[in-house]
Amino acid sequence: QVQLVESGGGLVQAGGSLRLSCAASGRTFSTYASGWFRQAPGKEREFVASINWSGGSTFYADSVTGRFTISRDNAKNTVYLQMNSLKPEDTAVYYCAFSPLTYRTTSPRAYAYWGQGTQVTVSS
């Protein structure tokens with residue numbers, strides 16, 4: 001059974017940092033692209049960042065470019081999201097996901113496997 005478990009969320013002040021982790025089990029995702037999405041209350045789930053199977057290519061939403069960094073360790077079947085210079089508008093539940101398609105897709109529908117989410121709250 002495939003499981004994706006996110007961790008690392010929490011409450012942080014504006015300007016602070018958090019590092020999210022997504023540990024996968026039940027299958028190997030070394031040939032899959034991976035992405036992070038977020039969903040704030042009353043809003044649709046939105047794309048944050050993605051990375052190709054090898055970790056050599058990444059793609060970011062304009063709103064997080066220069067502040068967030070996605071990375072992966074295929075030996076650990078784990079994906080990370082380093083979030084710096086956090087803003088109150090970054091507050092949301094963050095989800096990791098894996099897709100068999102290109103890493104440059106931003107649609108949640110392209111991602112077949114999802115974690116349960118981790119809450120990130122940024123106070124002003």
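- Remark: side-chain polar atoms of Gln39 are not paired, donor with acceptor, to backbone N or O of Tyr94 under 3.5 angstrom.
- The OH atom of Tyr60 sits 7.0 Å away from the CD1 atom of Ile51 when rounded to the nearest 0.5 Å.
- Interatomic distance, Asn52 CG to Ser99 OG, rounded to the nearest 0.5 Å: 12.0 Å.
- Under the 4.5 Å side-chain heavy-atom criterion for Ile, Leu, Val, Met, Phe, Trp and Tyr, Val64 and Ile70 are members of the same hydrophobic cluster.
- Residue Val122 is grouped with residue Leu18 when hydrophobic side chains (ILVMFWY) are merged at heavy-atom distances under 4.5 angstrom, including chains of intermediate members.
- Taking the centre and axis of the six-membered ring of Phe29, the NZ or CZ atom of Arg27 falls inside the cone set by 45° and 6.0 Å.
- Looking at residues two or more places apart in sequence or on another chain, you find a side chain to side chain contact (heavy atoms under 4.5 Å, CB included) between Arg19 and Tyr80, Gln82.
- To the nearest 0.5 angstrom, Lys76 atom NZ is 16.0 Å from Ser30 atom OG.
- Taking all atoms of both residues into account, the shortest heavy-atom contact from Val120 to Met83 is CG2-CE, 3.8 Å.
- Once rounded to the nearest 0.5 Å, the distance linking OG1 of Thr31 with CG of Asn74 reads 9.0 Å.
- Among all heavy-atom pairs drawn from Ser21 and Thr78, the shortest one is CB-CG2, 4.5 Å.
- The heavy-atom pair separating Thr102 from Ala33 by the smallest distance is C-CB, 4.3 Å.
- Atom NZ of residue Lys87 and atom CZ of residue Arg67 lie 4.5 Å apart, to the nearest 0.5 angstrom.
- Judged purely by atom type and a 3.5 angstrom limit, Gln1 has no side-chain atom pairing as donor or acceptor with the backbone of Gly26.
- For the residue pair Pro88 and Ser124, the shortest heavy atom distance occurs at CG-CB, 3.8 Å.
- Contact between Ser34 and Val79 at its shortest, heavy atoms only, is OG-CG2, 3.3 Å.
- Every residue two or more places apart in sequence or in another chain that forms a ring-ring contact (aromatic ring centres under 6.0 Å, His included) with Trp114 is listed here: Phe37.
- One hydrophobic cluster, built from ILVMFWY side chains closer than 4.5 Å, cannot hold both Val93 and Leu4; they sit in different ones.
- Judged purely by atom type and a 3.5 angstrom limit, Gln3 has no side-chain atom pairing as donor or acceptor with the backbone of Ser25.
- In plain terms, the two heavy atoms of Asp90 and Ser85 that are nearest each other are OD2-O, 4.5 Å.
- Note: Ser54 OG to Arg72 CZ = 8.0 Å, rounded to the nearest 0.5 Å.
- Counting only N and O atoms by type, the side chains of Gln119 and Thr121 include a donor and acceptor under 3.5 Å apart.
- Relative to the six-membered ring of Tyr95, Arg38 misses at least one condition, a distance below 6.0 Å or an angle of at most 45° to the axis.
- Under the 4.5 Å side-chain criterion, counting only non-hydrogen atoms from C-beta, Phe68 is in contact with Leu86.
- In terms of hydrophobic clustering, with Ile, Leu, Val, Met, Phe, Trp and Tyr side chains grouped at heavy-atom distances under 4.5 Å, Phe98 and Val2 are assigned to a common cluster.
- Using a 4.5 Å heavy-atom cutoff, the side chains of Tyr32 and Trp53 are not in contact.
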